[in-house]
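The sequence lines fix the lettering, A, B, ..., with proteins before strands; numbering per chain opens at 1. Here the structure is a predicted model, which means the values were calculated and not measured.
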Amino acid sequence: MNYWLMKSEPDTFSLDDLERKGSEPWDGVRNYQARNFMRDDMRVGDKVFFYHSNCDVPGIVGIAKVASKPYPDPTQFDPKSHYFDAKSARDNPRWVLVDIAFVKRLKRTISLAELKDDPALEGMPLVRKGNRLSVMPVDAAHWKHILSLAT
DNA sequence: GCCAACGTTGGC
DNA sequence: GCCAACGTTGGC
């Protein structure tokens, strides 16, 4: 079992949206490192921290899980999509995604400020300066610690 | 293969 | 809205 953190802007797609829909193809990832995590390392059933970025209180708001194997992101082939990639070929897709399913909401938001201040989370990619990854792994120890903050 | 220019992310 | 950080692109 691997643990992950995935960022979403709540104005675009929030935890509420995920709860309403049940599950969602995590489309639009256009960063190779993030793609590689989804393509190479994610397994169905892996747990995911759902993180709200670019909002009043950025932080972890809920838990989701990986609900599919990786498959090509259909938006890369759609010329009308914001995520269209003219350089990606159908027989050799550049971008893949997984489906993400709602699990639960945390009792409270664990804000980025709190995560940054917590010595137990030192070294976590999320709190490193300049980090921009939208999909990243979470250590099992960090996962447990963050869960304990939320109860 | 270097690196300047450019675009994007995302906190503040 | 600003801007630091950083990935990508493209000229050479």
Fill in: Verdict with reasoning, A/M6 to A/V135, per side chain to side chain contact (heavy atoms under 4.5 Å, CB included)
CA-CA 5 Å; A/M6 296 170 91; A/V135 176; 4.0 Å; yes

Discussion item. Can you tell me how far apart CZ (A/F37) and CG (A/L133) are? Round to the nearest 0.5 Å.
Written reply: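 Between A/F37 CZ and A/L133 CG, I get 6.0 Å after rounding to 0.5 Å.
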
Discussion item. Strictly by salt bridge (Lys or Arg N to Asp or Glu O under 4.0 Å), give each pair with a member in residues 35-64 of chain A just once, sequence neighbours left out.
Written reply: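 Non-adjacent pairs meeting salt bridge (Lys or Arg N to Asp or Glu O under 4.0 Å): zero.
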
Would you say [X]'s side chain and [Y]'s backbone share a donor-acceptor pair under 3.5 angstrom?
X: A/T109; Y: A/G59; answer: no
X: A/H142; Y: A/G123; answer: no
X: A/Q76; Y: A/R94; answer: yes

For [X] and [N], what is the distance between atoms [atom1] and [atom2] respectively, to the nearest whole Å?
X: A/R35; N: C/dT8; atom1: CZ; atom2: C1'; value: 14 Å
X: A/N36; N: C/dG7; atom1: CG; atom2: P; value: 13 Å
X: A/K7; N: B/dT8; atom1: NZ; atom2: P; value: 17 Å
X: A/D11; N: B/dG11; atom1: CG; atom2: C1'; value: 15 Å
X: A/D85; N: C/dT9; atom1: CG; atom2: C1'; value: 13 Å
X: A/E9; N: B/dT9; atom1: CD; atom2: C1'; value: 8 Å
X: A/N31; N: C/dT9; atom1: CG; atom2: P; value: 11 Å
X: A/Y83; N: B/dG7; atom1: OH; atom2: P; value: 19 Å

Item to complete: Report the residue (A/R132 or A/R94) whose heavy-atom-nearest nucleotide on DNA chain C is the more 5′ of the two.
Response: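 Of the two residues, A/R132 wins.
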
Discussion item. Over 60° means perpendicular and under 30° means parallel, so tell me whether A/F13 and A/F50 are parallel, tilted or perpendicular.
Written reply: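 Ring orientation, 0 to 90° scale: tilted.
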
Worksheet entry | Hydrophobic cluster (4.5 angstrom, side-chain heavy atoms) - remaining members for A/Y32 |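 Once heavy-atom contacts under 4.5 Å are chained together, A/Y32 belongs with A/W95.
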
Which atom pairs, donor and acceptor, lie under 3.5 Å between side-chain atoms of residues 60-73 of chain A and protein residues at least two apart or in another chain?
{"residue": "A/S68", "atom": "OG", "partner": "A/D99", "partner atom": "N", "Å": "2.8"}
{"residue": "A/Y71", "atom": "OH", "partner": "A/D99", "partner atom": "OD1", "Å": "2.5"}
{"residue": "A/D73", "atom": "OD1", "partner": "A/T75", "partner atom": "N", "Å": "2.9"}
{"residue": "A/D73", "atom": "OD1", "partner": "A/T75", "partner atom": "OG1", "Å": "2.7"}
{"residue": "A/D73", "atom": "OD2", "partner": "A/G28", "partner atom": "N", "Å": "2.9"}
{"residue": "A/D73", "atom": "OD2", "partner": "A/R30", "partner atom": "NH1", "Å": "3.1"}
{"residue": "A/D73", "atom": "OD2", "partner": "A/R30", "partner atom": "NH2", "Å": "3.4"}
{"residue": "A/D73", "atom": "OD2", "partner": "A/T75", "partner atom": "OG1", "Å": "3.3"}

Worksheet item: Picking from C/dA5, C/dT8, B/dG10, which would you name as closest to the side chain of A/S134?
Response: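 Of the options given, the side chain of A/S134 lies nearest B/dG10.
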
Worksheet item: With sugar-phosphate meaning primed atoms plus P, OP1 and OP2, does A/L126 contact a base, only sugar-phosphate, or nothing at under 4.0 Å between heavy atoms?
Response: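 Result for A/L126 = nothing.
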
Worksheet entry | Residues in contact with DNA chain B, drawn from residues 48-60 of chain A - heavy-atom cutoff 4.0 Å |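 Within residues 48-60 of chain A, the residues near DNA chain B are A/Y51, A/S53, A/N54, A/P58.
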
Discussion item. Please give me every residue in residues 109-120 of chain A whose heavy atoms get under 4.0 Å of an atom in DNA chain B, ordered by residue number.
Written reply: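 Result for residues 109-120 of chain A: A/L112, A/K116, sorted by number.
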
Discussion item. Output the pairing pattern of DNA chain C as a dot-bracket string, 5' first, Watson-Crick or G-U wobble with both distances under 3.5 Å, | for cross-strand pairs, [ ] for crossing pairs.
Written reply: ||||||||||||

Worksheet entry | In one Ile/Leu/Val/Met/Phe/Trp/Tyr side-chain cluster, 4.5 Å: A/V103, A/L15 |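 Yes; tracing contacts between hydrophobic side chains, which count when under 4.5 Å, links both residues.
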
Discussion item. Let me check something: do A/Y51 and A/M124 share a hydrophobic cluster, defined by ILVMFWY side-chain heavy atoms less than 4.5 Å apart, either directly or through other members?
Written reply: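 In one cluster: yes.
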
Worksheet item: Is any side-chain N or O of A/K129 closer than 4.0 Å to OP1 or OP2 of C/dA4?
Response: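 Negative; the distance criterion is not met.
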
Item to complete: For side chain to side chain contact (heavy atoms under 4.5 Å, CB included), just list the numbers for A/V29 and A/L97, CA-CA rounded to whole Å, side-chain angles, deciding distance to a tenth of an Å, and then say yes or no.
Response: CA-CA 8 Å; A/V29 170; A/L97 53 70; over 6 Å; no

